[in-house]
Amino acid sequence: MSAEKTGAENPGSGQGIEAVDLEAGYGRIEVLHGLSLAAEPGEIVAVVGANGAGKSTLLRALSGLIAPTAGRVRLGGADVTGRGPEAIAAAGLAHVPENRLVFPTLTVDDNLTLGAWTRRRDKAGLRQRRERVLEYFPRLADRLGQAAGTLSGGEQQMLSIGRGLMARPSVLVLDEPSLGLAPRVVREIFATLGRLRSAEGLAIVLVEQNVRAAFKVADRATVLDRGRVLLEGVPSDLLADDRVQQAYLGGGYAVD
Ligand SMILES: Nc1ncnc2c1ncn2[C@@H]1O[C@H](COP(=O)(O)OP(=O)(O)OP(=O)(O)O)[C@@H](O)[C@H]1O
Ligand SMILES: [Mg+2]
């Protein structure tokens with residue numbers, strides 16, 4: 001593989017993300033009550049759970065947007081608990097938030113370049129990285145000069161992920177990337193996540209309401225319930241579990 005996979009500038013990378021007994025919330029409201037979860041390099045871990053279970057809160061605690069009140073977060077083998085979002089991004093985590101936050105008036109190309117802000121001095125590395133991201137998302141290559149706000153929902157999601165990848169993360173966490181997208185586009189994006197896992201060795205935490213689609217691509221899965229892990233295991237085992245069947249597959253969640 002290319003030199004950019006060596007992790008030489010980031011010696012701790014290659015060991016994924018791990019949360020241990022995490023407690024976090026907003027002010028005095030505790031949302032996560034001692035939650036543990038890990039994703040290894042080359043692994044996709046799906047996180048599912050009802051509205052309000054704490055999925056987005058978990059991702060915010062992993063990426064430093066909110067500070068845990070107890071427990072640890074380890075990234076690439078280093079303890080990053082309590083560090084802010086810039087420090088955690090620099091340590092190798094890319095957070096693709098819900099609602100695909102692109103800069104609408106900027107071009108696709110400028111949005112991508114902004115994703116590599118922390119590495120902006122490395123022009124050659126930036127060009128190389130951009131080429132790689134466009135190989136993963138060829139639809140963006142045809143639209144580099146287009147204002148991001150005029151992209152389709154699926155293309156904006158690709159840009160949002162692509163922008164995260166520009167920083168060369170070792171860990172990618174995504175908050176409901178399938179939201180509002182047609183099943184065909186969801187399949188395309190999830191297939192790309194599968195390739196990123198295998199070819200780049202990324203550790204991926206995939207928060208999803210689309211349980212079927214997420215479980216198809218995930219290596220392991222965790223079901224959250226009110227800030228705690230209710231179930232975890234390989235997706236095929238979880239799919240056979242009555243509680244998962246009733247809560248997520250009989251209701252309005254399934255898309256394809
Ligand atoms: N900024 C905030 N301030 C106060 N409480 C919040 C805030 N954000 C989320 N919460 C609360 O934290 C709990 C968990 O919310 P969270 O967004 O993590 O759930 P979720 O599993 O991502 O749900 P959804 O599937 O709807 O996205 C909810 O009770 C929510 O009201
Ligand atoms: Mg959420």
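Everything numeric here is computed off the predicted structure, so don't read it as measured data. Because only heavy atoms are used, hydrogens play no part in the values below, and waters and symmetry mates are left out as well, while side chains stay in. Order of listing sets the numbers, starting from 1, for every ligand and every atom in it.
- Checking Asn51 against the Mg ion (ligand 2), every N/O/S atom stays at or beyond the 2.8 Å cut-off.
- Within 6.0 Å of the CZ atom in Arg195, the count of heavy atoms belonging to other residues, nucleotides or ligands exceeds 12.
- Ligand 1 has no N or O atom lying under 3.5 Å from any N or O atom of Gly49, backbone or side chain.
- From the protein, the heavy atom lying nearest to atom 27 (O) of ligand 1 is Glu176 OE2, 3.5 Å.
- Remark: ligand 1 atoms within the under-4.0 Å shell around heavy atoms of Thr57 are 14 (C), 15 (O), 16 (P), 18 (O).
- Close approach of ligand 1 to Arg60 (heavy-atom distance below 4.0 Å) involves ligand atoms 8 (N).
- In terms of polar-atom proximity, Ile29 is not counted as a contact of ligand 1, lacking any N or O under 3.5 Å from an N or O of the ligand.
- Residue contact check: Gln209 has heavy atoms under 4.0 Å from atoms 24 (P), 25 (O) of ligand 1.
- Judged purely by atom type and a 3.5 angstrom limit, Glu176 has no side-chain atom pairing as donor or acceptor with the backbone of Glu98.
- Remark: the Thr81 side chain and the Asp79 side chain contain an N/O donor-acceptor pair separated by less than 3.5 Å.
- Considering backbone and side-chain N/O atoms, Val31 never comes within less than 3.5 Å of an N/O atom of ligand 1.
- For atom 30 (C) of ligand 1, the nearest protein heavy atom lies 4.0 Å or farther away.
- Residues satisfying the side chain to side chain donor-acceptor pair (under 3.5 Å) test with Arg243, not counting sequence neighbours, are Asp241.
- Of the protein's non-hydrogen atoms, Gly52 N, 2.8 Å is the one closest to atom 23 (O) of ligand 1.
- Atoms of ligand 1 lying under 4.0 Å from any heavy atom of Ser56, numbered from 1 in the order shown and given with element: 17 (O), 18 (O), 20 (P), 22 (O), 27 (O).
- Salt-bridge check for Arg197 with Asp219: passed, with a basic side-chain N closer than 4.0 Å to an acidic carboxylate O.
- For atom 6 (C) of ligand 1, the nearest protein heavy atom (residue, atom name, distance) is Tyr26 CD1, 3.2 Å.
- Arg228 has no carboxylate O lying under 4.0 Å from a charged side-chain N of Glu30, or vice versa, which leaves the two without a salt bridge.
- Panel note: side chain Lys55, backbone Leu206; no donor-acceptor pair is recorded below 3.5 Å.
- Taking a cutoff of 4.0 Å between a charged side-chain nitrogen and a carboxylate oxygen, Asp109 and Arg130 qualify as a salt bridge.
- For atom 12 (O) of ligand 1, a protein heavy-atom neighbour is found at a distance under 4.0 Å.
- For Arg129 and Glu200, the salt-bridge test passes: some basic side-chain N is under 4.0 Å from an acidic carboxylate O.
- Within the structure, the closest approach of Ala50 to ligand 1 falls below 4.0 Å when heavy atoms are considered.
- Within the listing of ligand 1, atoms 19 (O), 21 (O) sit less than 4.0 angstrom from a heavy atom of Ala53.
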